[in-house]
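The structure under discussion appears below in the form of structure tokens.
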Amino acid sequence: VRMQQNLRAALAILERDIRMASYSPTGNADVGFVEAREGLMQVTMDLNDDGDADDEEEDISYGFLAADDGNRDGILDAKVIEALRRDRGAGGGFQPIANGIRAFSFAYAFDDNEDGQLDTDAAGDIIWAVDTNGDGSLDLNVMTNTALASTPELDRIREVRIWLLARSIDPIRNYSANRIYDIGRHQVAGGGEPFMHKILETRVKCRNMTF
């Protein structure tokens with residue numbers, strides 16, 4: 001129960017910030033997605049309409065600490081579990097919002113031709129993509145693990161998909177975690193460990209990213 005409540009609280013914060021990405025009452029600020037990687041998301045907004053995103057709660061980032069996830073893929077490099085963290089800007093630094101996270105992933109749906117519809121593949125499925133190298137353009141379809149034919153800029157993002165995988169802090173007697181969990185384009189195995197796992201997945205529309 002504690003693990004599920006922890007996940008749901010983290011998702012509630014994520015959903016709020018994603019919906020506010022690019023918010024600028026009079027449109028006088030250059031705000032939106034700054035990072036759109038699997039393991040690092042950064043969004044900006046101008047809550048007080050002063051023309052910038054320099055104030056607290058206007059430049060928001062999510063991820064593990066860089067020391068724990070060097071390539072920003074949402075998979076811990078050495079540790080088994082860590083805290084998902086949020087940086088609320090204005091020099092606050094990354095602070096924990098959900099403990100016991102084993103892995104997470106973000107993916108981004110986009111409207112590259114700005115026709116008001118999310119881009120789809122040949123089968124009609126929404127393309128969920130990421131920026132793998134941090135250059136400001138989406139370049140990889142995470143569902144097929146293939147390169148995109150074009151590289152949409154981050155201002156074309158219209159929706160975010162989130163996967164969060166938590167693991168219990170304490171072992172569970174007579175329990176064995178044998179399931180394999182799909183986290184974006186990655187798979188994480190329970191490995192027979194005596195720890196309970198819980199995965200939550202959701203999609204959030206970016207209501208301030210203009211169609």
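Residue indices begin at 1 and follow the sequence shown.
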Which residue pairs pass the side-chain hydrogen bond (donor to acceptor under 3.5 Å, both in side chains) test when at least one of the two sits in residues 123-136, sequence neighbours left out?
Thr132-Asp139
Residues 4-24 vs ring pair (Phe, Tyr, Trp, His ring centres under 6.0 Å), sequence neighbours excluded, gives none
Taking NZ, NE, NH1 and NH2 as the nitrogens, is one of them in Arg102 or Glu193 under 4.0 Å from a carboxylate oxygen of the other?
yes
Please find the pair of heavy atoms, one from Ala36 and one from Ile157, that lie closest to each other, and give the distance.
CB-CD1, 3.8 Å
Could you check whether any side-chain heavy atom of Glu15 comes within less than 4.5 Å of a side-chain heavy atom of Arg203, counting everything from C-beta outward?
no
Could you report the tightest heavy-atom contact between Ser24 and Ala29, atom names first, then the distance?
OG-N, 3.5 Å
Heavy-atom count check: over 12 atoms from other residues, nucleotides or ligands less than 6.0 Å from Glu153 CD?
no
Provide the full list of salt bridge (Lys or Arg N to Asp or Glu O under 4.0 Å) pairs with a residue in residues 85-101, sequence neighbours left out, each pair given once.
Asp17-Arg86, Glu56-Arg88, Glu57-Arg86, Glu57-Arg88, Glu82-Arg85
Write out all pairs satisfying salt bridge (Lys or Arg N to Asp or Glu O under 4.0 Å) with one or both partners inside residues 172-188, taking only residues at least two apart or from two chains.
Glu38-Arg185
Got a sec, which residues hit side-chain hydrogen bond (donor to acceptor under 3.5 Å, both in side chains) with Ser176, two or more places apart in sequence or on another chain?
Asn178
Would you call Leu14 and Val204 a side-chain contact if the rule is heavy atoms closer than 4.5 Å?
no
Of all the heavy-atom pairs spanning Ala10 and Leu164, show the shortest one and how long it is.
CB-CD1, 4.3 Å
Could you walk me through whether Thr44 and Glu58 pass the side-chain contact (heavy atoms from CB on, under 4.5 Å) test, one step at a time?
CA-CA 5 Å; Thr44 57; Glu58 291 189 339; over 6 Å; no
Yes or no on side-chain contact (heavy atoms from CB on, under 4.5 Å) for Tyr108 and Cys206, after CA distance, side-chain angles and deciding distance?
CA-CA 10 Å; Tyr108 311 85; Cys206 308; over 6 Å; no
Residues passing the side-chain hydrogen bond (donor to acceptor under 3.5 Å, both in side chains) test with Asn174, sequence neighbours excluded, are none
What one should report as the nearest heavy-atom pair of Ala53 and Asp59 is O-CB, 3.7 Å
Tell me, yes or no, whether the heavy-atom count around Asn113 atom CG, taken from other residues, nucleotides or ligands under 6.0 Å, exceeds 12.
yes
With no hydrogens and no angle check, is any side-chain donor or acceptor of Thr202 less than 3.5 Å from a backbone partner on Ile162?
no
Whether Asp111 side chain and Asp115 backbone form a donor-acceptor pair below 3.5 Å
yes
Could you list all the salt bridge (Lys or Arg N to Asp or Glu O under 4.0 Å) pairs where at least one residue sits in residues 61-71, not counting sequence neighbours?
Asp68-Lys79
Starting from Val160, can I reach Leu11 by hopping between I/L/V/M/F/W/Y residues whose side chains sit under 4.5 Å apart?
yes
Just grab all the ring pair (Phe, Tyr, Trp, His ring centres under 6.0 Å) pairs involving residues 169-188, residues at least two apart or on different chains.
Tyr181-His197
Could you pull out the closest heavy-atom pair between Ser168 and Met3, with the gap in Å?
N-SD, 3.5 Å
Side chains of Thr146 and Asn141, donor plus acceptor under 3.5 Å
no
Applying side-chain contact (heavy atoms from CB on, under 4.5 Å), run through Leu138 and Phe33 and close with a yes or a no.
CA-CA 11 Å; Leu138 301 173; Phe33 280 82; over 6 Å; no
Residues clustered with Leu40, ILVMFWY side-chain links under 4.5 angstrom:
Leu65, Phe94
Should we say atom CZ of Arg16 is surrounded by more than 12 heavy atoms from elsewhere, each under 6.0 Å from it?
yes
Minimum side-chain heavy-atom gap Leu7-Ile101 below 4.5 Å:
yes
Excluding Ile169, membership of its hydrophobic cluster (Ile, Leu, Val, Met, Phe, Trp, Tyr; side-chain heavy atoms within less than 4.5 Å) reads Val80, Ile81
Suppose the criterion is ring pair (Phe, Tyr, Trp, His ring centres under 6.0 Å): which pairs have a residue in residues 54-82, not counting sequence neighbours?
Phe64-Phe104
Please list, chain by chain and in numerical order, all residues satisfying side-chain hydrogen bond (donor to acceptor under 3.5 Å, both in side chains) with Asp119, sequence neighbours excluded.
none
Can a salt bridge be assigned to the pair Glu159 and Lys205 using a cut-off of 4.0 Å between side-chain N and carboxylate O?
no
In terms of side-chain heavy atoms, does Asp55 have a donor or acceptor partner in Asn48 at a distance below 3.5 Å?
yes
Under the side-chain contact (heavy atoms from CB on, under 4.5 Å) criterion, do Arg158 and Glu114 qualify, and how do the steps go?
CA-CA 10 Å; Arg158 299 294 182 264; Glu114 297 185 288; 4.2 Å; yes
Quick test of your reading of the model: are Asp112 and Arg156 salt-bridged, counting only N-O distances below 4.0 Å?
yes
Which pair of heavy atoms, one from Ile60 and one from Met45, lies closest together, and at what distance?
CG1-CE, 4.1 Å
